[in-house]
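What follows is one structure encoded as structure tokens, with my remarks underneath.
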Amino acid sequence: MEPEHTPSDNKATFQALEVTIRLALAFGLVVWCFQILQPFLATIIWALVISSALFPVYLWLKRKLGTGPGLSSVIFTSLTLLALMTPTLMLSGTLIGSAREYANQLQSGSLQLPPPSENVREWPLIGESLYDTWTLASENLGEVLTKFEEPIKEGGRWLISSAAGAGFGIIQFAVAMIIAGVFLAYSDRGEHFADRLGRRLAGGAGAEFAQQASATVRSVAQGVLGVAFIQAFLAGIGYLAIGIPGAGLWALLTLIMSTAQFPTLVIIPTIIYVISTADPVAAAVYTVYALCVSLVDNILKPMLLGRGTDAPMPVIFLGAIGGFILSGIVGLFVGAVVLVLGYQLFMMWLYLDAPELRP
């Protein structure tokens, strides 16, 4: 005997089917919107990071000018683009030119190396072998290139790809700066939206989550990315002044490693090169300057990063390197901010009921 279906059962089945269809339509709409925005997602997040980091400066300029949000945003964005893009284009010009030149020389086998200084032979442990290899490369580079033919060709392709990526990164940065100007003009609405979103997602603690997210983004953007830009810019000036070949390329590497918290891995090799090839007085001056640049982050980072959050170095490192691998030069900065933000919000949620226990 088959069970009877009551009207209430039919109604429950109909309601379940209706909820399923609504959820499917909502999910499809969300996926569709994400696919539409996906090509611009990294640039939009980068714009959010820039606008959050520069928001205090924007407010100061707005008060000084006494103008409305729209005009203040236009003036601020124009001045910021001029101040940031001028040195960026200068260093990027040498980067692109050097990368193409080295790539062509590597692939054609015409790269020439200067002979090492006699001082290299006196270096402990590696001095003798390094001097012999360097001398052989300066006298008969073809023999050395033959031993490492495939890695050298791959390096040439990587340099060309890096040059193209740097040019695209500059365009992305300029577009992100313009979008950040729009965000700044509508900062009041953005703050209200973040507060409402936090409350909808986390209830009563949503406002605290939103404030923590804002503080984290601003702190990391100023204390990590801002310091990395300053350090790379100062290092780039030194590379250009002392005449290091491919100064723009070295400045880019400094920016990458400074964001990953290891700027000395790039600065120390340049000091070794200058000591080995330059005049002793110039080498001494450059060494002092480069060491001071490598210590800049130890002075500025506690002042800026300490204002908003305590970000563990491994989290910043993994975010920067992972973002760079995923999305190139823009991902280098966005990745560090996003991963630190995720870490801070997770720790805040983990100790929400006992904040005094949080390490």
Side-chain angles (χ1 to χ4, degrees), residues 53 83-84 87-88 90-92 94-95 98-99 114 116-117 119-120 122-127 130 134 162 166 169 219-307 309-324 329 332-333 335-337 340:
L84 294 179
T88 301
M90 288 174 56
L91 290 175
S92 298
T94 61
L95 165 64
S98 300
S117 170
N119 296 331
V120 176
E122 301 174 2
W123 293 356
L125 299 179
I126 63 170
L130 178 61
W134 193 340
S162 297
S219 177
V220 175
Q222 294 176 351
V224 177
L225 308 186
V227 172
F229 270 107
I230 293 172
Q231 205 163 25
F233 177 69
L234 293 176
I237 293 176
Y239 301 153
L240 288 172
I242 201 65
I244 293 179
L249 181 60
W250 283 101
L252 175 62
L253 292 175
T254 305
L255 178 63
I256 293 173
M257 296 311 297
S258 181
T259 305
Q261 311 298 292
F262 297 105
T264 52
L265 293 182
V266 179
I267 294 176
I268 293 299
T270 66
I271 294 176
I272 296 174
Y273 172 81
V274 171
I275 292 176
S276 304
T277 58
D279 178 80
V281 176
V285 172
Y286 174 77
T287 299
V288 173
Y289 176 81
L291 290 176
C292 291
V293 171
S294 67
L295 296 175
V296 163
D297 59 335
N298 295 323
I299 300 172
L300 295 179
K301 198 171 294 178
M303 297 167 54
L304 299 174
L305 190 60
R307 293 179 181 178
T309 181
D310 50 341
M313 190 178 70
V315 176
I316 299 174
F317 173 77
L318 292 175
I321 300 303
F324 181 71
I329 191 67
L332 173 71
F333 312 113
V337 174
V340 171

For the student: nearest non-hydrogen atoms of [X] and [Y], plus distance:
X: Ala228; Y: Ser258; result: CA-OG, 3.3 Å
X: Ala251; Y: Ala232; result: O-CB, 3.8 Å
X: Thr254; Y: Ala235; result: CG2-CB, 4.0 Å

Tell me every residue that passes side chain to side chain contact (heavy atoms under 4.5 Å, CB included) with [X], counting only those two or more places apart in sequence or in another chain.
X: Leu265; value: Met257, Phe262
X: Thr264; value: Ile268, Ser294
X: Leu318; value: Leu339

Single hit among Ile275, Ile244, Leu291 for side-chain contact (heavy atoms from CB on, under 4.5 Å) with Tyr286: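 Of the listed residues Ile275, Ile244, Leu291, the side-chain contact (heavy atoms from CB on, under 4.5 Å) partner of Tyr286 is Ile244.
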
Among Leu234, Val274, Ile267, which one satisfies side-chain contact (heavy atoms from CB on, under 4.5 Å) with Tyr239?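 Passing option: Ile267.
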
From CD1 (Ile230) to CG (Leu255), nearest 0.5 Å: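 With rounding to 0.5 Å, CD1 (Ile230) is 11.5 Å from CG (Leu255).
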
